[in-house]
Amino acid sequence: MKSIHFKKSTLFIAVHCLLLNFCGFGQTADSVTVVPEIVVTDPDSIYAALSEPEKRFSRNAIAGLKMADGLEATLFASEPDVINPINIDVDHRGRVWVCESYNYRPAVNGKSELGVGDRILILEDKDGDGKSDVTKVFYQGAEINAPLGIWVMGNKAIVSQSPYVWLFTDTDGDDKADVKEVLFKEIGGVQNDAGVHAFVFGPDGKFYFNFGNAGRQLVDGKDRPLLDKYERPLDFRQFKQGVVFRCSQDFTKVEILAQNFRNGFEVAVDSYGTMWQPDQEEPGNGADRVSYVMENGNFGYIDEMTGASWRLNRTNVEDEIPRRHWHQNDPGVVPDLLETGSGFPMGLTVYEGELLPRRYWDQILLADAGQNSINAVQVRNSGAGYKSDGIIPVAEGKRDKWFRPTDVCVAPDGSLIVSDWYDPVIGSHKMKDKSRGRLFRIAPAGVPYNIPVYDLSIPEEAVKALRSPNLSMRYMAWNACVKHGWAAEPYLENLFREYNANPKLRARALWVLNNIEGFNYRNLDIAFRELNPNLRITALRAVRQRNSDPTEYIKRLTSDPDPQVRRECALAINHNHTYEALDVWLQLAKQYKGNDRWSVEALSIGAFEQWERIFPAWLERAGANPEATDAGKDIIWLARTRRAIPYLTNLAADTTVSFKDRLRYFRAFDFFHAGYEKTQALLNVMNVNSSDRIEVSKLALLHLDKSFVTNSQQGLTALNKLLDETYGTADYIDLMTRYELESENERLFRLALDKSDEVIGRDAGRLLLKQAGILYVTQKFSRLNDRQKSALLASIQSAGSSESVNLLRAAVTDNSESLTVRKNAAEYLGASWPGEEAVVKLLKDGRLEGEIKEAALNGVKNAFREDIRNQLAPYFPAPEPEVTVTAPAEPKSRKERRKKRKGN
């Protein structure tokens, strides 16, 4: 047959004709219409040819996706079988369990049908074609109210939804929940994306989960004391914002593994026990991220010492907003792996299968609903940590922007199952279409959905099942192997000692061996000598989870040639106050060469609450000038002890180094509580003669304790000297913002008048009103001439305080003032949000007329808020209608044109 390539303009007609022919239309008994073969070479054109309603049809869902080379998607399920899937899991049988969130944020999106809760679904593909054939409701109840996570383990499912984490159990095998238990309760974040999220299974046999910054606390569901692995009650006041947890399979021994995230939607754990997590930014800052979750790390969402937002200015603030968002320049903050821009990162997993193309093996897969994509985050080792070379796409909604992937899971055959919220909007708790949802299967073209079956009652089969890329299957296999105990050990040892096997499979076997009762240490001893550093790391992590003191094993790896292994040694001595742990830290510090943020942050975590004994011991070994080396500078920068202050002072005062490079040391002073040593050190820095003395002095004063500066002659002398030197500059404003000296009121007043049309003048006016008070300003105002009055009003126009608005409004309505002053006041009044509201009120009360009304409207013509614009609209003059002039039609024929010329 002949191939015809249709252009976009004829594509719809061609496809329409083909469909008519296929359905029998256009044929008679005596004739057959032959329709030539159509070769479509432009998928974008196919999708563009669909009408807007047709694009939303589930039968066109695949056409809306752009798949990476070597992969194809099939529509596993769609509405009405599944609606608003927010999180999924794939069980050991390849069935997809779905958390629906139909009742998502009713305060924003409207209430759903009263008394009908969300559903937990099970969808199964019976014939292996990658499409669901059976949909079952595992549970539905009014208490299921926009859940955020699900984890499946055989006949049980953990459902996460603040304020609860539930355990549902099917006791009779009918795929219906028969028993419901509360595992944890009183968690913050009800109807909030930053509440508690899904549980996942770790290779160590434990559960990992997290909550965002709305979670706040965790209480045991049976009102038992919630104890950590040290048998201490958990104190959530010690931890900040979003948190990553680990607990045993009986939901006891809860550990907090990392803190100070904003909203990590899901944590993923690879076979070595390495944790990864996405984190959602405050929208609009390009700061979504993926992190390697360094154990016991602080991840920098808010200021460690003050709890301040990243938006507040600070010393050594990062140049790029995404890094600033996470306090990446602060000592004691674990660096990000990758900032991914502005989106809505949600589900995360590590792909440990082999069905997908090799480029995806062992990579992090991320579902980003905001960026309409499933991506693989490329990760490679870098020093003691990791580096990402960016992302490679798996599936993208470049054609269909309603594609909102919320989760991605690995099925037992190595294919991917993806949930799609499917909505035109995402974020801000909004949704527009509550009737849709999709599930996709992603695999190489033509690969059927065949699920391996194992008889876990046989030890050898259980060990084979441990190789599965699917977490639920690995959970079943892990527990079966532990239950078999000694009977499974030979097969586990064979897998572990299979030197040419995938190291991740060997690591899984080692984790199980570590949990078999009565297990001896011979395999751990072998693992400590393995060539692969990840297996040495796994061995150390496994030893730490046993009850015995792991210090002797840590010491075996202290001089390891691999910096990641040494990093793990540093993390392992956190909260270890033995002399052996001190020696381990000192040996690790000796090997640190500097300029590796991952290494130095691991050393900081290892020294947590031990700096008072560690730093002096380090000084003894570091030599006479510990600040002379890059490594020494990093350790001094991080040390949380007053013994470090003199060395920090030397680094801050080192004029051979650029001022910008010294900012990190000034910032480090913020992490010490006020004290005599810190005060004297900063005063000494101010006395160093250099070309940047003013900048240095300003920084020193900003880091000094405010009460010391304002209540001591030494401090006031230094402050007044610098105020004289910086008057009329932004530095002066910064110093006055902090110290608010009443003696400077007159100079602030003069600056406000002289520079009222500049930012610095408006800053001066705002500060003056705040620290001198409304009485002082009004008294000054009454003695000024009209030009000066207008200047003073201009200087406070953007302050937005009740005092500034009252003063401006009083000037507008005071008939004793000149028309010029009143007009200027009217225009300035609308320069702040409270001022805009005041203008609306004056207009509604009919108190603005003529030129004053015109000036007030001019001041609010660019109001940002829609509700304010709507209230102002009636007061603006209606736009003049456009006049359209239509030219006479040009005659078409030659005869008509000749007739027209004769007529002219």
Side-chain angles (χ1 to χ4, degrees), residues 86-88 99 147-151 158 160-162 165 184 187-189 192-202 207-218 236 239-247 254-270 273-283 285 287-302 310 322 325-328 333-350 364-371 375 377 379 386 388 405-409 426-427:
I86 200 164
N87 195 253
I88 61 173
C99 264
L148 293 179
I150 184 167
W151 154 246
I158 300 174
S160 303
Q161 175 207 298
S162 293
V165 174
F184 299 104
I187 309 165
N192 191 305
D193 295 342
V196 65
H197 297 121
F199 282 56
V200 296
F201 178 67
F207 295 142
Y208 293 73
F209 62 105
N210 57 13
F211 60 48
N213 64 340
R216 299 185 182 276
Q217 68 172 359
L218 199 68
F236 282 91
F239 303 99
K240 300 173 179 64
Q241 304 295 303
V243 167
V244 174
F245 298 92
R246 175 169 61 199
C247 68
V254 177
E255 302 172 68
I256 292 181
L257 298 178
Q259 62 167 323
N260 211 0
F261 299 94
R262 182 174 181 266
N263 188 25
F265 224 88
E266 193 168 55
V267 62
V269 190
D270 69 19
T274 304
M275 297 173 286
W276 312 91
Q277 183 180 257
D279 201 2
Q280 295 175 359
E281 61 163 3
E282 291 179 9
N285 297 287
D288 290 333
R289 63 174 172 174
V290 176
S291 297
Y292 151 55
V293 183
M294 187 183 284
E295 191 172 342
N296 291 308
N298 163 30
F299 286 80
Y301 173 47
I302 63 170
W310 63 273
H325 196 289
W326 307 113
H327 289 82
Q328 289 292 283
V333 172
V334 178
D336 296 341
L337 172 69
L338 177 69
E339 284 103 20
T340 59
S342 288
F344 205 80
M346 297 182 70
L348 187 82
T349 192
V350 178
I364 299 165
L365 301 182
L366 173 63
D368 194 321
Q371 296 190 4
N375 293 315
V377 179
V379 179
Y386 303 91
S388 175
T406 57
D407 201 7
V408 53
C409 293
I426 197 74

### Query
So which of Val244, Asn87, Val165, Asn263 actually passes side-chain contact (heavy atoms from CB on, under 4.5 Å) with His197?
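Single pass found, and it is Asn263.
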
### Query
For the side-chain contact (heavy atoms from CB on, under 4.5 Å) test, which of Val267, Asn210, Thr349, Ile158 pairs with Val200?
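Going through Val267, Asn210, Thr349, Ile158 one by one, the side-chain contact (heavy atoms from CB on, under 4.5 Å) with Val200 is satisfied by Val267 alone.
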
What pair of heavy atoms forms the shortest contact from [X] to [Y], and how long is it?
| X | Y | answer |
| --- | --- | --- |
| Leu148 | Gly195 | CD1-N, 4.1 Å |
| Ala198 | Ser160 | CA-OG, 3.9 Å |
| Val293 | Ala258 | CG1-CB, 3.5 Å |
| Trp326 | Ala287 | NE1-O, 2.8 Å |
| Val408 | Gly347 | CG1-O, 4.2 Å |
| Leu338 | Ser388 | CD2-OG, 3.7 Å |

Is there a donor-acceptor pair closer than 3.5 Å between any side-chain N or O of [X] and the backbone N or O of [Y]?
| X | Y | answer |
| --- | --- | --- |
| Asp288 | Glu281 | yes |
| Trp276 | Asp270 | no |
| Gln259 | Lys240 | yes |
| Asn213 | Phe261 | no |
| Gln371 | Thr340 | yes |

Check: [Y] and [X] side chains under 4.5 Å, non-hydrogen atoms:
| X | Y | result |
| --- | --- | --- |
| Asp193 | Phe265 | yes |
| Asp336 | Ser291 | yes |
| Pro345 | Gln280 | yes |

Quick check for you: to the nearest 0.5 Å, what is the distance between [X] atom [atom1] and [Y] atom [atom2]?
| X | Y | atom1 | atom2 | value |
| --- | --- | --- | --- | --- |
| Arg246 | Met275 | CZ | CE | 6.5 Å |
| Trp310 | Gln328 | CH2 | CD | 13.0 Å |
| His327 | Tyr301 | NE2 | OH | 10.0 Å |
| Ile256 | Phe236 | CD1 | CZ | 4.5 Å |
| Arg262 | Glu282 | CZ | CD | 5.5 Å |
| Leu218 | Ile187 | CG | CD1 | 5.0 Å |

### Message
For a side-chain contact (heavy atoms from CB on, under 4.5 Å) check, start with the C-alpha distance between Val350 and Val269, then their side-chain angles and the critical distance, and finish with the verdict.
### Response
CA-CA 7 Å; Val350 178; Val269 190; over 6 Å; no

### Query
Are the ring centres of Phe207 and Phe245 closer than 6.0 Å?
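Between Phe245 and Phe207, which both carry aromatic rings, the centre distance is not below 6.0 Å.
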
### Query
With sequence neighbours left out, what residues match Phe184 under ring-ring contact (aromatic ring centres under 6.0 Å, His included)?
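Partners of Phe184 under the ring-ring contact (aromatic ring centres under 6.0 Å, His included) test: Phe209.
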
### Task
For the pair Arg289 and Asp279, find out whether any cationic side-chain nitrogen is under 4.0 Å from an anionic carboxylate oxygen.
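A salt bridge links Arg289 with Asp279.
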
